[in-house]
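Read through the structure below, which is laid out as structure tokens, and then see the notes.
Naming: A, B, ... by sequence-line order, numbering from 1 per chain.
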Number of protein chains: 2
Amino acid sequence: MAKQVKIKDIAKMAGVSPGTVDRILHNRGNVSQASRTAVERALAETGYRYNIHTSAVSLKKSYKIVIAIPTAVKGEYWGSVLSGIEHALEEYSDITIKCEYAFYNQFDIFSCRNSFDSILDMEPSAVIIGATFVSETILLCSRLDSLGIPYAFIDSVIEGTSPAVTYSSDQNACGRIVGRLLDLFTGKDAGIAVFGSRRIGNERANNSMGRMSGMLQYFGSIGNGREIRESKISVADPEESEKDIIRFLDSNPDVGGIAVLNSRGYIVADTLASHGITGIRIISFDLTVNNMRCIQNGTISAIICQRPELQGFHAVKAIIRTLLYNLKEKNEHHIMPTDIIIKENLPQYREIYNE
Amino acid sequence: MAKQVKIKDIAKMAGVSPGTVDRILHNRGNVSQASRTAVERALAETGYRYNIHTSAVSLKKSYKIVIAIPTAVKGEYWGSVLSGIEHALEEYSDITIKCEYAFYNQFDIFSCRNSFDSILDMEPSAVIIGATFVSETILLCSRLDSLGIPYAFIDSVIEGTSPAVTYSSDQNACGRIVGRLLDLFTGKDAGIAVFGSRRIGNERANNSMGRMSGMLQYFGSIGNGREIRESKISVADPEESEKDIIRFLDSNPDVGGIAVLNSRGYIVADTLASHGITGIRIISFDLTVNNMRCIQNGTISAIICQRPELQGFHAVKAIIRTLLYNLKEKNEHHIMPTDIIIKENLPQYREIYNE
DNA sequence: TCAGTTTTCGTGTACGTCCACAAAAGTAGG
DNA sequence: CCTACTTTTGTGGACGTACACGAAAACTGA
């Protein structure tokens, strides 16, 4: 509880007026080098920090944050992200922050381009990006960079950009978690299957690949000679995927555990259930409504979840802090924890993730 | 982003002066019934809310929060709680909040009495209580109630009190989680052992009992005829506990999984390791340094953790909100999620829980 | 050196609330 | 109806920062 150092104090120490200190704090320019160094030393010595409250009181400017993420469906991944974003905005309801959305279809590159093109017209103070398409994102970021508009990444990292902050999760670790859990869940002689996405080229699939390598890495490292069999399931066509699954299991009868490296675990679970196949442990990703249902009825053993809610929440808070304090904290990268969810702790997480 | 309604607006609507509105908002009394009803209607109509910033700016009063919890050791349970508390206080560094601590020895009822007796002398604005001894806590709370001092519970609930807010976790669910995990981790024919605390009468032990009933409930519900064998381990005497453990396993050779319902899982793990016993899955509670070590080296399969950090964090934030907004949100009870931690997601959680 | 120009600096007001103090209204007793 | 007292109400200054505006200083070129 050190006593608050005020702008006046800094001004006195540096032998200038409060106005000059203010100019330096806000990079408003028109300050001589002499004053600047004097003030900056005083600032550093005292460890001055804005009083956020008085600052907010007199702040004239109102910020506009643009949220550029894939279309958010309640109960799905990006829906949770969005609910975290809205939650964070509520916390700052006492300062004027406008918020606009630039949703895009994560499976349609043209929709992404359209959406990203419109962002600059919105004149944002900051942008929060849930990236899917690499080169489109890089283009957007370089434009933002040249305008000095800070941006934050949620869920994924795009190389060749300089976000103020990134919130994502460690997909490789996710894969290793799945590996260990399946290893623990199944007998030594059971085979392990991995179902990935058929679709490639978008970010979710990249996530899926990171998970895959993590999982293979796990089974490689323990060296107990487990057979890992890969397969793809089609996202587009439910009937086709059902046939795929049954065909796969027919030709691999020893499989005791299945990892579904995207959020479609419920498709596999439902298929097994409808064919009366039991005794196979399934692990999948994301707390979607369908996956929750399967956790409830026991057809999915565990769900791996990466806190989309918190990612959105923290990204907004961080970007607002960047704006308020005029920070240049470049490329701060936060890895969200990976939650393991089973039937028994589902209710508690449900409260956090949804609503 | 509705336009801010100001005190002046309310005053105009109710036909009184801003001072009168302020008096009503802060229960400062000396207001006629007529003004009160007029103002309260205007308040309700507009849905007026403080502007927290300007409020904080002009607030003369400084709050003092007293933290009454068991002695916090860094890296242990209450140490994490404390670090969450300190973290929350940092977020409010712009308003003057003093903080005093009233630590007590959770195994010594006299130390608790001494500590609790000293709290009122500190003239707290609010108290945060980590309760261990029931009747002492009830006494403290009734005194606080009569003085109108709000208090929050962390970690446990004491019946017969009216806290402003409670942050705890669902011990029964924890027990069921342990049950399911051990069930998944071990073959059908393996026996399951439960190690509880020998010590009783304090809250941790109560937690331990809640976990026990949850675990038995799980195995009762699935009805696969698992043998559950209970034992106690002595906390006080390491050598004695080591002997206990070996003796127990000698007479129960079929045991394939052990649940340690307190934070002492590392004792069991170390004992097995030093006797060259492998193949037994151990699950324990709390991310202490010793337990983390055992997760790392593979002797403990999973740790159940109840976010002590977050409990402390949220309790402080909630109690400060109560003070700032003068709220009377009685008995709001938040259940923290229960995290399942294995070797692969340990690093991510470590970042959250410690530091 | 001096007028004109640009850069740098200081002053003063506004923000919405809290709260102290003074003013006004109400009450009771004579 | 007046005084003494209590209750109720209005007013104005303070909080620390942001920012506009105008003053002062520094620089420019002749």
Side-chain angles (χ1 to χ4, degrees), chain A residues 2-40 42-43 46-63 92-97 125 323-326, chain B residues 2-40 42-43 46-63 92-97 125 323-326:
Chain A
K3 208 176 64 204
Q4 262 279 4
V5 181
K6 291 167 281 181
I7 283 190
K8 267 190 185 175
D9 301 327
I10 302 287
K12 206 170 289 174
M13 283 179 63
V16 298
S17 77
T20 303
V21 178
D22 181 71
R23 266 183 287 273
I24 288 167
L25 286 171
H26 293 83
N27 288 324
R28 255 196 280 275
N30 289 337
V31 178
S32 69
Q33 191 56 43
S35 317
R36 176 175 296 275
T37 48
V39 169
E40 269 167 0
L43 246 29
T46 54
Y48 174 79
R49 269 193 51 190
Y50 288 80
N51 181 323
I52 195 173
H53 297 300
T54 49
S55 170
V57 167
S58 47
L59 198 63
K60 292 280 196 317
K61 193 168 20 181
S62 90
Y63 297 109
Y92 286 94
S93 60
D94 286 317
I95 52 181
T96 35
I97 293 178
S125 321
L323 291 171
L324 279 181
Y325 290 103
N326 207 8
Chain B
K3 210 177 62 205
Q4 262 278 3
V5 181
K6 291 166 283 181
I7 283 189
K8 269 188 184 174
D9 301 328
I10 301 289
K12 206 169 292 175
M13 283 178 64
V16 297
S17 76
T20 303
V21 178
D22 182 73
R23 266 182 287 273
I24 288 166
L25 286 171
H26 295 84
N27 288 322
R28 257 197 279 276
N30 288 338
V31 178
S32 69
Q33 192 55 43
S35 318
R36 174 174 300 273
T37 49
V39 169
E40 269 166 0
L43 247 28
T46 56
Y48 173 79
R49 267 193 53 189
Y50 287 83
N51 180 324
I52 193 172
H53 298 301
T54 49
S55 171
V57 167
S58 50
L59 199 62
K60 289 281 196 319
K61 193 169 16 177
S62 90
Y63 297 109
Y92 284 96
S93 62
D94 287 316
I95 51 178
T96 36
I97 292 178
S125 319
L323 290 172
L324 280 180
Y325 290 103
N326 208 5

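- Residues meeting the side chain to side chain contact (heavy atoms under 4.5 Å, CB included) test with Ser35(A), sequence neighbours left out: Val16(A), Thr20(A), Val31(A), Ser32(A).
- Residues forming a side chain to side chain contact (heavy atoms under 4.5 Å, CB included) with Thr54(B) (at least two apart in sequence, or on another chain): Val57(A), Asn51(B).
- Taking for each of Gln33(A) and Thr54(A) the nucleotide of DNA chain C with the nearest heavy atom, the 5'-most of the two is the partner of Gln33(A).
- For DNA chain C, the outermost nucleotides in 5' to 3' order that have an atom under 4.0 Å from a heavy atom of chain A are dT8(C) to dC15(C).
- Annotation for Ile10(A) and Tyr48(A): closest pair CD1-CB, 3.9 Å, computed over non-hydrogen atoms.
- Every pair passing salt bridge (charged side-chain N to carboxylate O under 4.0 Å, His left out) that includes a residue from residues 12-22 of chain B is listed here, sequence neighbours excluded: Asp22(B)-Arg28(B).
- Across all their heavy atoms, Ala11(A) and Pro18(A) have their closest contact at CB-N, 3.6 Å.
- Position along DNA chain D of the nearest nucleotide to Ser58(B) versus Ser35(B) favours Ser35(B) as the more 5'-ward residue.
- To the nearest 0.5 Å, atoms OG (Ser17(A)) and CZ (Arg23(A)) are separated by 6.0 Å.
- Here Thr37(A) pairs with Gln33(A) under the side chain to side chain contact (heavy atoms under 4.5 Å, CB included) rule; sequence neighbours left out.
- Rounded to 10 degrees, the angle separating the terminal axes of the helix from dT1(C)-dA30(D) to dG30(C)-dC1(D) is 40°, with each axis obtained from five end pairs.
- To the nearest 0.5 Å, atom CG of residue Leu43(B) and atom CZ of residue Arg36(B) are 11.0 Å apart.
- With a cutoff of under 4.0 Å to any heavy atom of chain B, the contacted region of DNA chain D is bounded 5' to 3' by dT8(D) to dC15(D).
- Residues Ser125(A) and Leu323(A) approach most closely at O-CD2, 3.6 Å, considering heavy atoms.
- Listed here is the closest heavy atom pair of Leu25(B) and Tyr50(B): O-OH, 3.5 Å.
- Of all the residues in residues 14-21 of chain B, not one reaches under 4.0 Å from DNA chain C with any non-hydrogen atom.
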